Amino acid sequence: MNTHRAELVQILATTHATLLRLVEGATDAALDARPTPEDWSVREILAHLVDDEMFVMRLRLERLIKEDRPRLTPHDEHVWYVSRNTSRDALRELLADFSVQRAASLGIIALLRESDWARAGYHPEIGVLTADEWLTHWVEHDATHLGQIETTLTRYSAHAPH
């Protein structure tokens, strides 16, 4: 595996630990706070990360590897938001579910050959992309949501009654 790709995989491998650090000691009120009515709460972001890991991120990688130039379907996060399964929204469950799903993703990534990383597909919002480019997108997706979690919890802490 090339050095840049190995670094990206290592970043994905540390996401769970980063989530644990960010939400350590967070109250339910902090987890459910929204910076604005349109924003997701930390709990909703965690649920999104779990669902995306299972149904979007890894699935798209698998399709890029197994299919010849697959057409990847866009994922409407707004539809997900209003229809998502909330039955496993306890913090402990969300973190455990993410850990299991991310481990499965990393297991698949570890099995890929160099030639697999060059396999490509088409996404209507992104264009043609390779498995290697998808990995970069995956890391950026994590970084975006980790930043949202950190910002939301920091803002909540600054404005919460003490």
Side-chain angles (χ1 to χ4, degrees), residues 8-67 70-112 121-127 129 131 133-160:
L8 293 176
V9 172
Q10 182 57 36
I11 292 169
L12 289 179
T14 63
T15 299
H16 183 257
T18 302
L19 288 170
L20 291 173
R21 179 183 54 78
L22 288 173
V23 300
E24 183 178 3
T27 63
D28 282 338
L31 294 172
D32 295 328
R34 290 190 175 134
T36 71
E38 297 80 34
D39 290 326
W40 289 346
S41 69
V42 170
R43 190 182 312 274
E44 290 164 335
I45 294 168
L46 291 170
H48 166 74
L49 286 169
V50 171
D51 288 351
D52 256 24
E53 195 72 18
M54 282 191 296
F55 303 121
V56 180
M57 308 309 275
R58 188 172 61 240
L59 179 62
R60 286 182 183 166
L61 179 66
E62 290 172 354
R63 290 194 61 212
L64 288 168
I65 302 310
K66 294 195 270 184
E67 299 175 28
R71 181 176 174 86
L72 305 173
T73 307
H75 172 65
D76 188 334
E77 293 179 344
H78 299 292
V79 170
W80 165 84
Y81 174 78
V82 297
S83 63
R84 71 182 188 81
N85 180 357
T86 60
S87 67
R88 291 190 56 85
D89 273 4
L91 179 60
R92 186 181 85 251
E93 292 171 330
L94 289 168
L95 293 170
D97 290 349
F98 181 82
S99 178
V100 167
Q101 295 306 321
R102 179 54 56 94
S105 298
L106 292 169
I108 290 168
I109 288 170
L111 295 173
L112 299 182
Y122 176 78
H123 188 286
E125 296 169 346
I126 300 170
L129 75 156
E133 293 165 331
W134 183 246
L135 182 64
T136 299
H137 177 78
W138 200 335
V139 169
E140 291 169 353
H141 178 263
D142 276 11
T144 296
H145 291 304
L146 290 170
Q148 288 174 323
I149 289 169
E150 186 168 29
T151 299
T152 299
L153 291 173
T154 299
R155 286 182 183 162
Y156 177 82
S157 179
H159 296 93

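One-based numbering along the sequence shown. Everything numeric in this text was worked out from a predicted model, so none of it was measured.
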- Message: Between Arg88 and Asp97 (salt bridge meaning N to carboxylate O under 4.0 Å), is one present in this structure?
- Response: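 Asp97 and Arg88: salt-bridged.
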- Taking 4.0 angstrom as the limit, do Asp39 and Arg34 come out as a salt bridge?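 No.
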- Message: Evaluate Thr15 against Leu49 for side-chain contact (heavy atoms from CB on, under 4.5 Å), listing each step before the verdict.
- Response: CA-CA 10 Å; Thr15 299; Leu49 286 169; 5.5 Å; no
- Contacts of Glu62 that satisfy side-chain contact (heavy atoms from CB on, under 4.5 Å) - sequence neighbours left out: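 Once residues adjacent in sequence are excluded, the partners of Glu62 under the side-chain contact (heavy atoms from CB on, under 4.5 Å) criterion are Arg58, Leu59, Lys66, Ile108.
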- Task: Sequence neighbours left out, what passes side-chain contact (heavy atoms from CB on, under 4.5 Å) with Arg71? Give chain and number order.
- Result: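 Once residues adjacent in sequence are excluded, the partners of Arg71 under the side-chain contact (heavy atoms from CB on, under 4.5 Å) criterion are Tyr122, Pro124.
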Give, for atom [atom1] of [X] and atom [atom2] of [Y], the distance between the pair rounded to the nearest 0.5 Å.
| X | Y | atom1 | atom2 | result |
| --- | --- | --- | --- | --- |
| Glu77 | Arg84 | CD | CZ | 12.5 Å |
| Met57 | Leu135 | CE | CG | 9.0 Å |
| Leu146 | Thr151 | CG | OG1 | 10.5 Å |
| Leu19 | Leu94 | CG | CG | 10.0 Å |
| Asp32 | Thr152 | CG | OG1 | 11.5 Å |
| Thr14 | Leu20 | OG1 | CG | 11.5 Å |

Are any side-chain N or O atoms of [X] and backbone N or O atoms of [Y], one a donor and one an acceptor, separated by less than 3.5 Å?
| X | Y | value |
| --- | --- | --- |
| Ser41 | Glu44 | yes |
| Arg60 | Thr73 | yes |
| Arg102 | Glu53 | no |
| Ser99 | Leu95 | no |

- Task: Please indicate whether Glu125 has more than 12 foreign heavy atoms, meaning atoms of other residues, nucleotides or ligands, lying under 6.0 Å from its CD.
- Result: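 Enclosed: over 12 neighbouring heavy atoms sit under 6.0 Å from CD of Glu125.
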- Task: Please step through side-chain contact (heavy atoms from CB on, under 4.5 Å) for the pair Ile149 and Thr18, ending with a clear verdict.
- Result: CA-CA 10 Å; Ile149 289 169; Thr18 302; over 6 Å; no
- Taking side chain as C-beta onward, heavy atoms only, is Ile126 less than 4.5 Å from Leu72?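 No, too far: nothing below the 4.5 Å cut-off.
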- May I ask you to test the Val42-Leu46 pair for a side-chain heavy-atom distance under 4.5 Å?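 A side-chain contact exists here, since the closest heavy-atom pair is under 4.5 Å.
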- Start with the C-alpha distance between Val9 and Leu106, add both sets of side-chain angles, then the distance that settles side-chain contact (heavy atoms from CB on, under 4.5 Å), and finish with yes or no. CA-CA 8 Å; Val9 172; Leu106 292 169; 4.0 Å; yes
Looking at every non-hydrogen atom in both residues, tell me the closest pair between [X] and [Y] and how far apart they are.
| X | Y | value |
| --- | --- | --- |
| Leu31 | Ala26 | CD2-CB, 3.9 Å |
| Arg155 | Pro35 | NH1-CB, 3.9 Å |
| Ala131 | Leu61 | CB-CD1, 3.8 Å |

- Is the gap between the ring centers of Trp134 and His137 under 6.0 Å?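 Judged by ring-centre distance (under 6.0 Å), Trp134 and His137 do meet the cut-off.
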- Only one of Thr86, Asp89, Asp28 forms a side chain to side chain donor-acceptor pair (under 3.5 Å) with Arg43, so which one is it?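 Single side chain to side chain donor-acceptor pair (under 3.5 Å) partner of Arg43 among Thr86, Asp89, Asp28: Asp28.
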- Message: For His75 and Asp52: C-alpha separation, side-chain torsions, deciding distance, then whether side-chain contact (heavy atoms from CB on, under 4.5 Å) applies.
- Response: CA-CA 9 Å; His75 172 65; Asp52 256 24; 3.3 Å; yes
- Task: Measure up the His48 and Trp40 rings against each other and bin them: parallel (under 30°), tilted (30 to 60°), perpendicular (over 60°).
- Result: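 Correct class here is tilted.
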